[in-house]
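Below you'll find the structure, written out as structure tokens, and then a few comments.
Naming: A, B, ... by sequence-line order, numbering from 1 per chain. Values below: all heavy atoms of this structure, side chains included; hydrogens, waters and symmetry mates excluded.
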Amino acid sequence: MKSLVKEAELYRTQGLLEESKERYLEVLQLIEKNQRFQNNKKAINVIKDRIVGLEKDLAEIDQETEAPELSGKVQDLIKNLFSFSQNKDAAEMEGAVALARFGQYERALAEFNRLLDKGTLPLIAAKNVLRCHLALSSTDAAIDQFRKWLSGELLSKKQLRDIRSFLEYVLKRKGIQTKLPEVVGGTSQRPKEAGSEGGFLDVCSVTIRLESGPCKGSTKELDVTFQSGNVISLIISAKDKDLVDSFVPGIRLRGVHFFSSICVFRANGIVSEWTSIKTGPRRGDYVLSITIDRSDKLDIL
Amino acid sequence: MANFNLKDRVIECKIVYYGPGRGGKTTNLQYIHKAFKKQTTGEMVSINTKGDRTLFFDFLPLGLGKIKGCEIKVQLYTVPGQVRYSSTRKMVLKGVDGVVFVADSLSVRRKENMLSLKDLQQNLAEQKKSIFKIPLVLQYNKRDLAKESIPLLSVKLMERELNRKLKIPSFPASALKGTGVGATLQECLKLTLQHLQRELKWAG
């Protein structure tokens with residue numbers, strides 16, 4: 001029993017809390033089985049307190065997965081370290097996307113706006129500006145931004161049509177009935193390849209049939225709040241805990257329907273990450289990242 | 001892929017410390033930061049949760065001076081080990097030139113070591129890199145705990161389970177005490193620079 005307690009304590013100091021808890025539970029079982037120790041209430045209480053403490057720490061860690069607001073210096077570092085392209089424009093865009101991927105939405109928004117003003121990959125920059133607004137729960141800000149672009153000259157009519165189509169679909173999926181102003185003039189043809197600058201279709205929402213977990217057998221429709229290439233992020237309400245528990249990182253999601261503004265396609269995806277939101281209006285909710293499997297053939301429906 | 005500035009003859013390469021959560025990756029970098037002060041060219045940056053777990057990554061820049069007429073700069077990173085930070089690991093691993101896999105010698109972490117190595121293989125494959133071809137070194141960390149009578153995996157068993165197919169250099173270590181940390185990094189740097197020399201056809 002002494003060696004079990006020693007192990008449990010060491011695992012606790014190493015941060016291996018699950019392992020520590022398991023050992024303490026073993027100790028408790030041993031005490032309860034052994035008549036010699038059964039009356040040692042003090043020892044029993046000490047072990048029980050340790051287990052409760054570990055459970056509390058484990059619960060705190062579960063809640064500690066939010067992306068904290070980092071200092072400007074660290075944000076600069078992220079921007080520089082995670083831009084790989086030799087092409088300067090592409091590298092700047094990668095840096096801004098990295099900021100968004102690390103949850104630094106305010107700074108990412110400023111970067112995407114700066115790139116847009118410079119005319120760097122304007123379609124990608126503009127869509128990411130809208131994504132950042134939506135991730136920050138500022139639907140009105142996203143719509144206002146689109147209106148401003150309409151009255152300005154930053155974007156071509158063709159680009160504005162593409163962005164309008166993208167925003168309209170996102171809002172529709174969110175259940176927001178807003179008539180966005182039309183893009184007047186220029187060609188009225190729909191863009192052939194939405195998101196062609198980014199090399200991957202813009203996904204607005206997904207339909208997933210769950211094959212495991214508490215929601216096994218059910219089909220869920222979820223909106224996409226952010227996208228970087230083939231990685232999409234979705235926000236799930238904390239009230240829908242069963243749904244959160246159904247998305248275990250690493251599980252493969254088969255036959256997911258991906259809705260883009262120009263088509264619907266079917267492909268497989270992998271749950272790559274989930275984090276909880278600790279600040280802002282969506283506090284307590286969860287962000288799920290799903291990687292669309294590029295190796296599968298995209299089945300256009 | 002390493003950045004080779006032909007004009008200034010500067011090579012910048014990226015080494016990533018990979019492995020299961022709480023295995024000692026950050027402790028490795030902390031020790032390097034403390035022990036190799038002459039080589040460090042900037043502050044160590046750590047982005048942790050309150051529980052001292054790596055949330056995004058740790059970063060430490062090193063300068064090795066001139067080798068064969070080229071200034072060698074090295075960026076050391078760690079990944080977050082916890083399973084749920086998969087996409088962050090992929091992001092940190094992007095453009096990697098060499099990997100140190102820090103395995104946990106505690107018996108209770110046996111399965112986690114194997115899962116993390118498999119995760120590394122998959123994430124490298126997504127970058128069209130093979131775990132069998134990339135400069136890779138294994139470190140069996142926490143060997144000092146043997147003195148505490150805590151159940152540890154034997155080096156022989158770890159070799160069999162983690163290194164049977166890879167057949168790469170491996171080092172018993174204690175990142176907390178610094179034992180084996182320098183040797184692990186030196187070997188990884190050696191393999192990485194040899195690999196880059198072949199890839200970039202760089203000669204003095």
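- Between B/Leu106 and A/Leu10, some side-chain heavy-atom pair lies under the 4.5 Å cut-off.
- At least one side-chain heavy atom of A/Pro68 sits less than 4.5 Å from a side-chain heavy atom of B/Leu55.
- Residue-environment remark: CD (A/Glu106) stays at or below the threshold of 12 foreign heavy atoms within 6.0 Å.
- Rounding to the nearest 0.5 angstrom, the gap separating the CD atom in B/Glu112 from the CG atom in A/Leu16 is 8.5 Å.
- Contact check for B/Gln75 versus A/Leu81: side-chain heavy atoms found under the 4.5 Å cut-off.
- Contact annotation: the side chain of B/Ile47 never approaches that of A/Phe102 to less than 4.5 Å [non-hydrogen atoms, C-beta and beyond].
- The only option from B/Arg110, B/Arg22, B/Arg109 that meets the salt bridge (charged side-chain N to carboxylate O under 4.0 Å, His left out) definition with A/Glu19 turns out to be B/Arg109.
- Taking the centre of each ring, A/Phe82 and B/Phe57 come in below the 6.0 Å mark.
- With rounding to the nearest 0.5 Å, the separation of CD in A/Gln14 from CD1 in B/Ile150 is 8.5 Å.
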Would B/Lys90 and A/Thr291 count as a side-chain contact (heavy atoms from CB on, under 4.5 Å) here? Give the steps. CA-CA 11 Å; B/Lys90 282 181 194 175; A/Thr291 304; 4.2 Å; yes

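- Of the atoms belonging to A/Val231, not a single heavy atom falls under 4.5 Å from chain B.
- Counting heavy atoms from C-beta outward, B/Val45 and A/Lys73 have side chains that stay 4.5 Å or more apart.
- Here the side chain of A/Lys6 pairs no donor or acceptor atom with the backbone of B/Ser149 at under 3.5 angstrom.
- Only the side chain of B/Gln82 comes within less than 4.5 Å of a heavy atom of chain A; its backbone N, CA, C and O stay farther away.
- The nearest pair of heavy atoms linking B/Val108 to A/Arg23 is CG1-NH2, 3.4 Å.
- In plain terms, the two heavy atoms of A/Arg101 and B/Ser87 that are nearest each other are NH2-CB, 3.6 Å.
- Counting heavy-atom pairs under 4.5 Å between each of B/Glu126, B/Lys14, B/Glu148 and chain A puts B/Glu148 at the top.
- B/Phe59 pairs by the ring-ring contact (aromatic ring centres under 6.0 Å, His included) definition with B/Tyr77, not counting sequence neighbours.
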